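Okay, so here's the structure we're looking at.
Everything numeric in this text was worked out from a predicted model, so none of it was measured. A, B, ... follow the sequence lines: proteins, then strands. Residue 1 opens every chain.
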Number of protein chains: 2
Amino acid sequence: MPDTSISVAVVEDNSELRDGLAQLIQGTPGYKCVGAFSSCEQLLGQLKSLKTHPPKVVLMDIGLPGISGIEGVQRVKAQLPGTDVLMLTVFEDEKKIYDSICAGASGYLLKKTPPAKILEAIQEINDGGAPMTATIARKVLSVFQSNPPPASVDYQLSEREREVLAGLVRGFSYKMIADQCSISIDTVRSHIRHIYEKLQVNSKAQAITLAMKNRLV
Amino acid sequence: MPDTSISVAVVEDNSELRDGLAQLIQGTPGYKCVGAFSSCEQLLGQLKSLKTHPPKVVLMDIGLPGISGIEGVQRVKAQLPGTDVLMLTVFEDEKKIYDSICAGASGYLLKKTPPAKILEAIQEINDGGAPMTATIARKVLSVFQSNPPPASVDYQLSEREREVLAGLVRGFSYKMIADQCSISIDTVRSHIRHIYEKLQVNSKAQAITLAMKNRLV
DNA sequence: GCTTGAATCGCATGATCATGCGATTGATGG
DNA sequence: CCATCAATCGCATGATCATGCGATTCAAGC
């Protein structure tokens, strides 16, 4: 009978927590702890031997001495692309969340998460999910919303209009744009009218936001 | 004793499902159904009367006749920025997921989700979370990883200041920001002064451009 | 107790913007 | 030749913004 349990490695510098996690995993049917390390360096040093039977999931503390958890994710993913990494942290630091996810983490939990939930999250990650705390999930979505994937609509702006729009984005007043383009301020107004029509907005702020989102300039 | 239940509106063209959801919500303590509509047009038509007591959460079917659920999200969010929208759909169509989220949805569930889970999701959204199915969550993260947001400098903005800045980015006037934050327009001015100082700019346009470049909102 | 700083509010004024309703020119294509 | 359209320019007016100079309140830290 093949071993169908989920193999997990733990990287955590606090020995108490590390042993706790290892025992939790090892002691639960369906889970198997294939390594408990106190630093990324240790884990990475064992990668050769792990490569024959790589862990499915790595629990990675984010605040590690030496190589940080964030850099650790990148390295692990580089060596073991099929392994998913679940970050563990004390704080919901927005920047660390982003960095971890961009580095390739598949989930993000707080250390205070009860053991049962941690096991659930490991299972979920193994099933292709992405366990996150509620607020983290929401933050991820909000970045998504301001970072739309290359939908790049063509707004059919003329060259002049793009030039004027670029001026707005750079914070120039109508007068400054007029000078820079060597046209009158009323012509600038006219161009801006047309830009607003084409972008379907009615304020400088909306035009700038749309221009930045869609990389129009 | 104040009414602390979560007010929910339902938009779903299938009358059976619509009524089922409405009864589920209305019949559960802690939840309150403030409207059940068969189309976005109906919901949007009622917005005026809803504005005094806007629903906390809108359950929105994605495949609606007329205005689609995706367009519906945008319109609802434009009118009621404080209301969260939970999308309901039959299929896990990748494009629809992205579009919904980019349009401003705060969660995404399949219609086959059991009633108890739907109620949980409503609660979660109300608590600032972002309920999603596991595969959707993973897809969102993978897009994130291929589209890393640029590292943002820390401008030490307070929470309020970020909120106001977000309003500017969305094209709101001072008055609209004041209403949304429930503060006076002069306070908005005051916050904007401080934002300009911290960002070292002196116009709305520059502030918006900087905010977008550095993903401050 | 005192200071400091963030968040709130008020008023006034000049600058800038949004938009309505015009007009002229010059290039392009039927 | 004429229609069309983008680019240019003009004026007027109400809305919105930028900024100066205030003030109060409340929580945190010394």
[X] [atom1] to [N] [atom2], straight-line distance once rounded to whole Å:
X: A:E163; N: D:dA7; atom1: CD; atom2: P; answer: 11 Å
X: A:N202; N: D:dT16; atom1: CG; atom2: P; answer: 10 Å
X: A:E159; N: C:dA27; atom1: CD; atom2: P; answer: 17 Å
X: A:Q206; N: C:dT19; atom1: CD; atom2: P; answer: 9 Å
X: A:E161; N: D:dA6; atom1: CD; atom2: C1'; answer: 8 Å

Contact under 4.0 Å: A:S158 side-chain N or O vs D:dA7 OP1/OP2: yes

For a quick test of reading the model: is some side-chain N or O of A:Y174 closer than 4.0 Å to OP1 or OP2 of C:dA18? yes

Taking only Lys NZ, Arg NE, NH1 and NH2, and the carboxylate oxygens of Asp or Glu, determine whether [X] and [Y] approach each other closer than 4.0 Å.
X: A:R75; Y: A:E71; result: yes
X: A:K111; Y: A:E12; result: yes
X: B:E159; Y: B:R162; result: no
X: B:D186; Y: B:R189; result: yes

Residues of residues 176-187 of chain A with any non-hydrogen atom less than 4.0 angstrom from an atom of DNA chain C: list those, numerically ordered, please. none

Those residues of residues 188-199 of chain A lying under 4.0 Å from DNA chain C by at least one heavy atom: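 Contacts with DNA chain C under 4.0 Å: A:R189, A:R193, A:Y196.
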
Using distance alone, with no hydrogens and no angle criterion, decide if A:S190 and A:T187 have a side-chain donor and acceptor under 3.5 Å apart.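 No pair is found: no donor N or O on one side chain lies under 3.5 Å from an acceptor on the other.
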
Does a side chain donor of either B:D127 or B:Q123 reach within less than 3.5 Å of an acceptor in the other side chain? yes

Of the non-hydrogen atoms in A:I67 and A:L44, which two are nearest, and what is the gap between them? CD1-CD1, 3.9 Å

Candidate pair B:M132 and A:M132, rule side-chain contact (heavy atoms from CB on, under 4.5 Å), full reasoning: CA-CA 10 Å; B:M132 290 177 276; A:M132 290 176 276; 4.2 Å; yes

Closest to the side chain of B:K204, out of C:dC17, D:dT16, C:dA7, is D:dT16

Within the structure provided, determine whether B:V8 and B:K56 are in side-chain contact (heavy-atom separation under 4.5 Å).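 Answer no - side chains too far apart.
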
